[in-house]
Amino acid sequence: MTISTATPRRLYLFPLSYSSVPAAGRTLEMVMGCYLIEMSDGTYVLIDSGLPADFTRPSGAPVPQQEKNVLAHLADLGLSPNDINVLICTHFDVDHAGYHDAFTRAELIVQRSHYELARGGYPRFAPARAHWDHPDLRYRLVDGDTELAPGLTLLETSGHTTGHQSVLLRLPHTGPVLLTIDAVLMQSAFTPDRPAWPMDENEEQVRASTRKLLHVAEQEHASLVIFGHDGAQWKTLKTAPAYYD
């Protein structure tokens with residue numbers, strides 16, 4: 001089952017905020033972000049939606065910089081939530097699902113295993129539940145790797161959490177682009193024997209998913225691999241309103 005015969009035409013990166021996070025005696029430059037794909041038929045696919053406006057930051061958490069939510073990014077491109085045809089939900093962590101309820105005209109696509117775990121009351125996904133479990137949202141559940149359209153494929157990459165998904169797309173000029181999302185948060189972790197990070201739930205699955213993505217990147221000759229929270233990398237990339245095509 002596919003969206004249509006349309007193919008990816010442009011990829012926009014939406015940085016939602018940057019922050020410096022102390023970790024093991026060093027500082028990690030982190031980014032929160034989401035993505036917009038413009039298809040060749042003029043339809044739009046959004047990937048994730050960021051922290052909700054009602055999120056209360058824990059005491060002592062790093063202060064984010066350059067904050068800009070998904071709605072503001074879309075508005076800068078002359079778009080509104082009603083222009084989004086598909087919303088790919090990589091997972092329901094609060095920093096990825098906080099504006100889902102704004103996209104009631106879109107079809108939301110999530111791994112079945114993830115959706116069922118979340119709907120069953122899994123505590124990890126409770127902070128954003130009002131946003132991803134809004135009664136007006138329409139979900140399509142998929143099982144495993146799924147081609148949504150020619151040149152746009154979901155990759156099941158459990159480990160960070162059950163049913164996490166990454167995204168592979170092929171652009172006309174840039175070529176194959178792999179979005180690891182939270183399967184591999186930082187470029188430094190893109191190694192076969194990487195350890196699990198604190199928010200990863202299953203180290204064996206984390207390594208299996210990382211090896212899967214390494215294989216995909218090699219097999220597809222990916223011209224660009226974008227890591228979900230790597231602020232240092234994102235600052236070297238084209239971010240909206242610039243785009244990859």
Side-chain angles (χ1 to χ4, degrees), residues 1-6 8-17 32-56 67-143 146-149 152-154 161-167 169 179 181-182 228 240-241 243:
M1 183 183 296
T2 61
I3 298 170
S4 67
T5 58
R9 181 166 63 190
R10 292 177 176 175
L11 171 67
Y12 294 89
L13 275 59
F14 290 170
L16 307 174
S17 69
M32 290 186 184
C34 57
Y35 313 79
L36 180 70
I37 302 169
E38 181 183 339
M39 303 296 285
S40 59
D41 63 355
T43 57
Y44 290 94
V45 177
L46 183 68
I47 304 173
D48 291 341
S49 66
L51 276 171
D54 59 7
F55 178 72
T56 301
E67 288 186 288
K68 185 175 184 179
N69 68 41
V70 63
L71 304 183
H73 275 291
L74 289 172
D76 281 352
L77 299 177
L79 301 173
S80 77
N82 290 342
D83 294 308
I84 302 302
N85 302 89
V86 171
L87 172 53
I88 294 171
C89 312
T90 67
H91 61 305
F92 291 150
D93 277 352
V94 67
D95 58 325
H96 291 259
Y99 278 87
H100 281 14
D101 51 326
F103 299 94
T104 55
R105 292 196 179 182
E107 179 182 50
L108 283 73
I109 302 179
V110 66
Q111 291 287 324
R112 184 184 310 274
S113 60
H114 189 81
Y115 184 77
E116 292 178 348
L117 178 66
R119 283 296 305 274
Y122 195 55
R124 172 170 174 159
F125 307 127
R129 182 157 190 165
H131 303 285
W132 60 257
D133 200 21
H134 191 279
D136 291 339
L137 296 178
R138 298 179 293 112
Y139 276 96
R140 176 175 144 207
L141 308 183
V142 297
D143 297 291
T146 302
E147 183 182 75
L148 294 183
L152 179 56
T153 301
L154 303 179
T161 186
T162 299
H164 178 281
Q165 51 189 359
S166 305
V167 181
L169 66 151
L179 309 177
I181 316 295
D182 284 11
Y243 54 82

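Under the ring-ring contact (aromatic ring centres under 6.0 Å, His included) test applied with W132, the options F92, F125, F103 reduce to a single match, F92.
Taking E67 as the reference, S17, R57, P64 meet the side chain to side chain contact (heavy atoms under 4.5 Å, CB included) condition, with sequence neighbours excluded. By the side chain to side chain donor-acceptor pair (under 3.5 Å) test, D101 pairs with H131, sequence neighbours left out.
With contacts defined as side-chain heavy-atom distances shorter than 4.5 Å, the pair L141/V110 qualifies. Two residues are said to be in side-chain contact when any heavy atoms from C-beta on lie closer than 4.5 Å; L77 and E38 fail this criterion.
Between the side chain of D93 and the backbone N or O of H96, no donor-acceptor pair lies under 3.5 Å. Judged purely by atom type and a 3.5 angstrom limit, D48 has no side-chain atom pairing as donor or acceptor with the backbone of G50. The closest donor-acceptor contact from the side chain of R138 to the backbone of A106 lies under 3.5 Å. In terms of modelled atom types and a separation under 3.5 Å, the side chain of R105 and the main chain of I84 share no donor-acceptor contact. Not a single donor-acceptor pair under 3.5 Å links the side chain of E147 to the backbone N or O of L152. The closest donor-acceptor contact from the side chain of H73 to the backbone of A240 lies at 3.5 Å or more, if one exists at all.
For an aromatic pair to be called close, the ring centres must be under 6.0 Å apart, and F14 with Y35 fails this.
In summary, the side chains of S49 and H100 do present a donor paired with an acceptor at a separation below 3.5 Å, with no hydrogens or angles considered. In the model, H91 has a side-chain atom that pairs as donor or acceptor with a side-chain atom of D182 under 3.5 Å. Remark: the N82 side chain and the S80 side chain contain no N/O donor-acceptor pair separated by less than 3.5 Å.
Considering every non-hydrogen atom in both V70 and L16, the closest pair reads N-CD2, 3.8 Å.
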